[in-house]
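Every number for a ligand or one of its atoms is a count from 1 in the order of the listing.
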Amino acid sequence: MRAAESIMAVLKANNKPDVNYSILSNPEFLAEGTAIENLMKPDRVLIGGEDTPEGKRAVDTLCWIYEHWVEKEKILTTNTWSSELSKLAANAMLAQRISSINSLSAVCEATGAEVSEVARAIGLDSRFGSKFLQASVGFGGSCFQKDLLNLVYICEKLNLPEVARYWQQVIDMNEYQKERFSQKIIECLFNTVNDKHISVLGFAFKKNTGDTRETPAISVCKTLLEEGAKLKIYDPKVEKSQMMFDLTSAKVTDNPEHVRKSVEIFSDPYSAVLNTHAIVVCTEWDEFRELDFKKIYHSMMKPAYIFDGRKILDHEALQNMGFHVITIGKKLNRTGLMRNFESIPQQ
Ligand SMILES: NC(=O)c1ccc[n+]([C@@H]2O[C@H](COP(=O)([O-])OP(=O)(O)OC[C@H]3O[C@@H](n4cnc5c(N)ncnc54)[C@H](O)[C@@H]3O)[C@@H](O)[C@H]2O)c1
């Protein structure tokens, strides 16, 4: 926010005779994994500029470039501040939807409602729309948290503490969801994971990327490691060195040697689950749906647990194989196979 103003200040301070500048704001709305599609078929293009003849000429020139492949109605022109704030606001409101549905997932588990059904019922209302309502272990990625923090900071600077607290709560709810999921794993595994072998499937913040920035997998692994678990991790795209780097960083541990001894990273999922007590799904990779879970069940310690933090697996089929299945926003208590989270006495 206010980047255009800063850039203009720098350029003006280094003014060369006969050289004129106009600064435009043209926020990027490309998401990782779908960047080219987002570029070729954007929902909208936003161009902010100054309300002066030169500013207008600069806006028109950039519009002309986009008009080569984007319909005119989808190109919005605004003043510079509106454009800059819209970028933050779009990400903040998307993150807010995820935190809202995640907060309701906790209510679903406590009441017997099902979060996917609730999300569907909400999403079919055209006033809301169906997107960004998938409950999960929490949101991640480089953009949402950064833009929310940026917005909170701006609100505090503007002496708008209520607004700052409102957006801060979206981040707090995300932290709560990550921690809630991690605690659920511990409680279901008889209130201790000390020396238990746990397989973590997926480490990236979402599928189709190797990016681990702000990934919920780091929070989940951190809690499990602090509780003494041994982790066996597999992700199809994330480099082994990146995972070890993330888990040994000062933000995660003050004892990197202990982490190195407690974490093994695998290049195939079947080796990662071998002889483990539980599987924790942290990323919604498509290939996890296709795994041979019968084979996996036989290679695991019993009772065998699956914690589906992304709601991507066929829970009924897994229960029929003998797994204890725990997921987000839904009580699974069929057949007595499940020791569901709520039925375990809390300490
Ligand atoms: N990634 C970049 O480099 C970049 C750069 C500039 C702007 N942006 C903007 O930031 C936004 C975020 O980009 P991103 O790359 O982090 O990807 P993203 O928006 O796809 O994912 C962000 C988070 O939202 C979650 N999520 C995605 N779809 C969801 C759904 N349907 N229900 C619930 N949760 C869902 C993901 O799991 C992830 O944790 C983009 O929309 C884009 O406008 C991104």
Show me the side-chain donor-acceptor pairs of residues 90-107 shorter than 3.5 Å, one per line, residues at least two apart or across chains.
| residue | atom | partner | partner atom | Å |
| --- | --- | --- | --- | --- |
| Asn91 | ND2 | Asp147 | OD2 | 2.7 |
| Gln96 | NE2 | Tyr166 | OH | 2.5 |
| Arg97 | NE | Lys131 | O | 2.8 |
| Arg97 | NH1 | Phe128 | O | 3.3 |
| Arg97 | NH2 | Gly129 | O | 2.8 |
| Arg97 | NH2 | Lys131 | O | 2.5 |
| Ser99 | OG | Val170 | O | 2.7 |
| Ser100 | OG | Gln96 | O | 2.8 |
| Asn102 | OD1 | Ser136 | N | 3.0 |
| Asn102 | ND2 | Ile98 | O | 3.4 |
| Ser103 | OG | Ser100 | O | 2.7 |
| Ser105 | OG | Asn102 | O | 2.6 |
| Ser105 | OG | Gln177 | NE2 | 3.0 |
| Ser105 | OG | Arg180 | NH2 | 3.1 |

- Message: For Tyr66, does the six-membered ring have the charged nitrogen or CZ of Lys72 within the cation-pi criterion, i.e. under 6.0 angstrom from the centroid and within 45° of the normal?
- Response: no
- Whether Asp308 side chain and Leu313 backbone form a donor-acceptor pair below 3.5 Å: yes
- Message: Classify the ring geometry of Phe307 against Tyr305: parallel below 30°, tilted from 30° to 60°, perpendicular beyond 60°.
- Response: parallel
- Query: Under 3.5 Å, is there a donor-acceptor pair linking the side chains of Asn320 and Glu316?
  - Reply: no
- Heavy atoms, side chains only, cut-off 4.5 Å: are Leu11 and Ile23 in contact? yes
- So which residues, sorted by chain and number, lie with a heavy atom under 4.0 Å of ligand 1? Glu28, Phe29, Leu30, Ala31, Glu32, Lys87, Asn91, Ile98, Phe132, Leu133, Gln134, Phe139, Gly140, Cys143, Phe144, Phe205, Lys206, Arg310
